[in-house]
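Throughout, protein chains are lettered first and strands after them, A, B, ... in sequence-line order, and every chain is numbered starting at 1. Predicted model only: the values in this text are computed from it and were never measured.
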Protein chains: 2
Amino acid sequence: MDEFVSTFTNRLDAKGRVSIPAPFRAVLAKDGFDGLYCCQTLDQQAVDAGGNLFRERIRELLARYPAFSPDHDYLSTTLAGDSEILKIDPDGRVVLSDKIRDYAGIADQVTFVGQIYKFQIWEPQRFNAYRDEAKARLRALRQAEPGHRAVSADSGASG
Amino acid sequence: MDEFVSTFTNRLDAKGRVSIPAPFRAVLAKDGFDGLYCCQTLDQQAVDAGGNLFRERIRELLARYPAFSPDHDYLSTTLAGDSEILKIDPDGRVVLSDKIRDYAGIADQVTFVGQIYKFQIWEPQRFNAYRDEAKARLRALRQAEPGHRAVSADSGASG
DNA sequence: CCGGATTCCATTGACCCCCATGAAATACCC
DNA sequence: GGGTATTTCATGGGGGTCAATGGAATCCGG
């Protein structure tokens, strides 16, 4: 498997360490990046994390703006300066920085949410709320879609 | 690691020395440039710093303007004439010049901000303000991205 | 000799690596 | 199928290492 899928919740220990879910570790290992590249999400109180594939997306975004332009520096300040590379220990754990813990509101548990080429790091309660909201929005959007009845708003997938 | 990523804040000692963050030192070592090339940023009260890769970008920028043109001379005045090469001591520290300290408003602490091919040197408070501004700018730019609303207001790449 | 700069050394506190434990899932054998 | 052995994983802790910092010693030009 080479994509981040599914959701896992693990505990932080007394030293602030938390195990990256084994399936995610496998993806990171295949990706080849040494460490875990993390940056804050813009719209939620969560963190995006990944490896080389994720970094590649960030580089592509930056490459669209010329060096030394104000926008380039704005973007690189947020996308590079405001991100962190967490070290993964031999047991597959990372220590979340204070910045990450504060931003995401993480106390003693962490939820890892697979998103194909990256995954997100959440405080479990906040993620639950976000997931419910996302689902509601998706439903509303489908209601507004012309012809949505052909598929039906609530068939099959339960989440 | 071959890019400047993340943000670090270190203290100046009584002699005006400050440690370059170890991850940045590693990038500089790989880059091969002996010392730290510094020049004032064009748009903020901060300093751009880096090694050979950074200097290469400056050359590329200057090459876009015809020699002897006013714009070329404006740029080279700042990017070359107003630049300094700081010496890195055996413990990975530099002494910031008075010019740099005055321009950036640095007193006793320095914030180093990774920006991939270069990093910036800030007075910590000023950087905090700039970081917030940068994040707002990124939000604005993303709003303008075509297709970012495909599913809902806050889906898609947040980083 | 003197002041400034540069190199060397020491301390301390955080981080990283190794090992141990227990639980759960899987494989294996009867 | 049932029961057991084995592996995989999440979690807990201890000790060594490295980086940031402060200060002393040395070198240099005046």
Side-chain angles (χ1 to χ4, degrees), chain A residues 1 4-30 33-38 49 51 83-102 106-114 119 121-124 127, chain B residues 1 4-30 33-38 49 84-102 106-114 119 121-124 127:
Chain A
M1 183 54 57
F4 300 105
V5 293
S6 190
T7 295
F8 307 88
T9 297
N10 289 335
R11 267 204 308 276
L12 277 85
D13 67 15
K15 297 182 185 178
R17 296 178 298 188
V18 60
S19 293
I20 299 173
F24 289 7
R25 290 208 298 264
V27 180
L28 288 171
K30 188 170 290 186
F33 181 68
D34 181 34
L36 183 64
Y37 194 95
C38 298
S83 60
E84 303 174 55
I85 296 175
L86 302 185
K87 203 155 259 177
I88 302 178
D89 77 11
D91 296 334
R93 290 180 286 194
V94 294
V95 300
L96 301 181
S97 67
D98 290 345
K99 186 161 82 170
I100 287 178
R101 277 210 303 276
D102 290 349
I106 289 168
D108 61 341
Q109 287 203 316
V110 183
T111 294
F112 298 85
V113 183
F119 62 87
I121 294 174
W122 284 83
E123 192 281 325
F127 174 66
Chain B
M1 185 53 47
F4 299 105
V5 169
S6 192
T7 295
F8 306 89
T9 296
N10 288 336
R11 269 203 302 279
L12 278 86
D13 66 14
K15 300 182 191 177
R17 296 177 299 186
V18 61
S19 293
I20 299 173
F24 289 7
R25 291 207 298 265
V27 180
L28 289 170
K30 187 171 289 186
F33 182 69
D34 181 35
L36 184 64
Y37 191 89
C38 298
E84 303 173 53
I85 296 175
L86 301 184
K87 199 165 206 176
I88 302 178
D89 79 9
D91 293 338
R93 290 183 281 196
V94 294
V95 178
L96 300 182
S97 67
D98 290 345
K99 185 161 79 170
I100 287 178
R101 278 211 303 275
D102 290 348
I106 289 167
D108 61 340
Q109 287 202 314
V110 183
T111 295
F112 298 85
V113 183
F119 63 87
I121 294 175
W122 284 82
E123 191 282 324
F127 173 66

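- The CG-P distance, from B/D34 to C/dT6, rounds to 13 Å in whole Å.
- No donor-acceptor pair closer than 3.5 Å links the side chain of A/N10 to the backbone N or O of A/V18.
- The nearest whole Å value for the distance from the CD1 atom in A/I88 to the P atom in C/dC17 is 11 Å.
- A salt bridge links B/R93 with B/D91; the closest basic N to acidic carboxylate O contact falls under 4.0 Å.
- For D/dG23, its base sits under 3.5 Å from the side chain of B/R17 at one donor and acceptor pair at least.
- If you check distances only, the side chain of A/R11 never reaches the base of D/dG12 with a donor-acceptor pair under 3.5 Å.
- Between the CZ atom of A/F8 and the P atom of D/dT11 there is a distance of 13 Å, given to the nearest Å.
- Within a 6.0 Å sphere centred on NZ of A/K87, other residues, nucleotides and ligands contribute 12 heavy atoms or fewer.
- Taking atom CZ on A/R25 and atom C1' on D/dT11, their separation rounds to 12 Å, with Å as the unit.
- The listed nucleotides are D/dA19, D/dT21, C/dT6; the one nearest the side chain of B/K15 is C/dT6.
- Atom-to-atom, CG of A/D89 to P of D/dG13 comes out at 15 Å; the value is rounded to the nearest Å.
- Where B/L12 and A/L12 meet DNA chain D, the nucleotide closest to each residue was compared, and A/L12 sits on the side nearer the 5' end.
- Atoms CG (A/L28) and P (D/dC9) sit 14 Å apart, rounded to a whole Å.
- The base of C/dC9 lies close enough to the side chain of B/D91 for a donor and an acceptor atom to sit less than 3.5 Å apart.
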